[in-house]
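A short write-up of the structure that comes next.
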There are 2 protein chains.
Amino acid sequence: MSRIGLPHIVIIEDEPVTRATLTSYLDSNGYRVTEAASAPKAEEILARDPADLLLIDVNLEGKDGLQITREQRAQSEIGIILISGRTDDIDRIVGLEMGADDYVCKPFNRRELLARIKNLLRRTTALRHLSRTVFRFAGFTFDINTRRLTRADGEAVRLTRAEYEVLAQLVRHPAAVQSREKLVTCITHRQESPEPRTVDVLVRRLRKKLEDDPKAPQIITTSHGEGYIFTGRLE
Amino acid sequence: MSRIGLPHIVIIEDEPVTRATLTSYLDSNGYRVTEAASAPKAEEILARDPADLLLIDVNLEGKDGLQITREQRAQSEIGIILISGRTDDIDRIVGLEMGADDYVCKPFNRRELLARIKNLLRRTTALRHLSRTVFRFAGFTFDINTRRLTRADGEAVRLTRAEYEVLAQLVRHPAAVQSREKLVTCITHRQESPEPRTVDVLVRRLRKKLEDDPKAPQIITTSHGEGYIFTGRLE
DNA sequence: TTCATTATGTTAAAATTTGTTAACTACAGA
DNA sequence: TCTGTAGTTAACAAATTTTAACATAATGAA
């Protein structure tokens with residue numbers, strides 16, 4: 001049976017029995033499931049086969065679920081559900097404030113988990129499909145598909161690949177802060193990323209091409225201590 | 001009181017105390033909240049002022065929470081969180097399978113609910129940023145999305161990130177006292193907050209940029225022992 | 001292949017933003 | 001008015017970003 005096109009779920013759980021049970025249950029409900037016993041293993045999998053949703057056990061050996069959540073959330077909008085043996089309020093709150101979409105306590109009802117997964121996937125995949133491909137702002141026309149940026153006078157502005165990736169990420173999330181961490185992973189889709197400071201340089205080069213006055217940027221704004229924001233007016 | 005630009009949450013709950021508590025908590029956390037005691041009342045509200053998220057008590061008199069969920073989900077992708085006094089697995093599963101994004105059991109932790117709301121809104125409002133949210137006062141134009149502040153003569157006033165955050169919080173809650181504690185949490189989105197005194201300095205810097213006579217502030221007023229208030233006249 | 005050109009990444013100094021502190025001033029209650 | 005508390009101000013320290021110069025890697029043409 002072909003698994004291509006099915007939503008891809010990665011389970012990060014070091015307890016083999018729970019892992020296998022979950023996998024087979026989700027698999028039989030129409031999802032493509034990949035298992036990872038630890039954080040490094042999961043990162044390896046995600047690097048070559050991006051997931052739609054992560055199911056993470058909070059209490060992992062080594063890098064724990066909360067840490068994974070923070071790192072993933074910094075660089076993507078992937079759906080994250082935490083699973084924990086502890087029912088403590090504080091644990092749950094910390095997980096959710098870290099950006100996990102949901103927090104489920106063991107022992108959990110499989111059918112409930114399935115419903116939660118389904119609802120969350122509806123949200124995350126809807127977002128993906130809503131993505132536009134042509135954006136207009138400040139006289140520029142930016143086509144994400146053809147990678148072309150055109151000035152008001154019709155003149156094409158040449159963007160390098162890295163510049164394109166950064167601009168695309170920013171434009172796709174108008175008025176939302178994009179961390180350097182998130183932006184570097186847009187530049188290289190590989191595992192080892194360059195210095196986050198590299199983003200500063202790319203932004204500078206973009207500003208030179210986009211802004212009337214690069215010293216007082218209007219389109220790509222700095223959010224001190226946080227990252228960069230697209231603040232152009234989209235038409 | 002103007003609350004333009006804030007996410008709009010509608011609470012549907014027939015128990016007055018729970019309703020009021022929730023409303024004031026969410027309101028003080030930067031949301032625009034409308035209360036409805038019943039389904040018909042809620043529909044009336046939604047018809048003239050669409051919401052970003054519904055907080056629905058399951059056990060309502062008349063049309064209950066599950067029914068509202070089904071109807072709303074049939075016609076929109078609005079975020080829905082169900083609240084229930086019953087902790088039964090089956091109730092929860094039915095609610096979730098009906099399309100509710102989340103199901104919270106009483107007694108719930110407010111902070112947890114807030115985290116869940118925040119995460120869900122992040123999913124549902126990703127596109128809302130395209131709209132403009134502009135405030136006008138004392139000749140200034142302040143656009144929350146593009147982070148731009150413009151003087152009466154059209155000259156742009158540069159705001160640093162922290163200054164922007166403070167001004168945005170004040171403007172969103174005109175004529176309401178904002179405590180230093182509230183304002184510092186606006187400045188830093190990270191865990192550890194700076195000294196509340198930092199706010200004083202930011203307000204001073206804002207006054208220098210906004211006020212005709214910073215010694216006799218008209219727009220950002222001090223409330224001795226309490227905090228600061230936006231007292232500009234919004235147009 | 002080699003060379004020239006362009007793109008990408010790194011680094012350090014300069015500039016800016018943010019946060020802290022302390023002296024000073026204003027306020028409110030006794 | 002006195003007195004303790006709270007707010008303003010300025011100067012400074014710490015953190016972060018910008019800028020420019022340069023090193024390395026990738027690309028394309030001869």
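Lettering follows sequence order; numbering is per chain, from 1. In this text, all values refer to a predicted model and were calculated from it rather than measured experimentally.
No option in D200(B), L202(B), T221(B) other than D200(B) meets the side-chain contact (heavy atoms from CB on, under 4.5 Å) test with Y228(B).
Taking atom CG on L159(B) and atom P on dT16(C), their separation rounds to 16 Å, with Å as the unit. Across the protein-nucleic acid pair, I187(A) atom CD1 and dA25(D) atom C1' stand 15 Å apart, rounded to whole Å. Whole-Å rounding puts the K209(A) NZ to dT6(C) C1' distance at 11 Å. For the pair R158(A) CZ and dT8(C) P, the interatomic distance rounds to 11 Å; values are reported in whole Å. The interatomic distance linking E195(A) (CD) with dA12(C) (C1') rounds to 13 Å, in whole Å. When rounded to the nearest whole Å, the span between CG of L202(A) and P of dT6(C) equals 18 Å.
A donor atom on one side chain and an acceptor atom on the other are found under 3.5 Å apart for R207(A) and T222(A).
Of the possible donor and acceptor atoms, none in the side chain of R148(B) sits under 3.5 Å from a partner among the backbone N and O of T141(B).
Within a 6.0 Å radius of NZ in K118(A), other residues, nucleotides and ligands contribute 12 heavy atoms or fewer.
No close placement of the F140(B) and F135(B) rings is indicated, their centers lying 6.0 Å or farther apart.
Of the side-chain N and O atoms in T160(A), none sit less than 4.0 angstrom from OP1 or OP2 of dT6(C).
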task: Treat primed atoms plus P, OP1 and OP2 as sugar-phosphate and everything else as base, then score nucleotides 5-13 of chain D 5' to 3': B for base contact with protein heavy atoms under 4.0 Å, S for sugar-phosphate contact only, - for none.
output: -SBBBB---
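Closest approach of R158(B) to K215(A), counting heavy atoms only: NH2-O, 3.3 Å.
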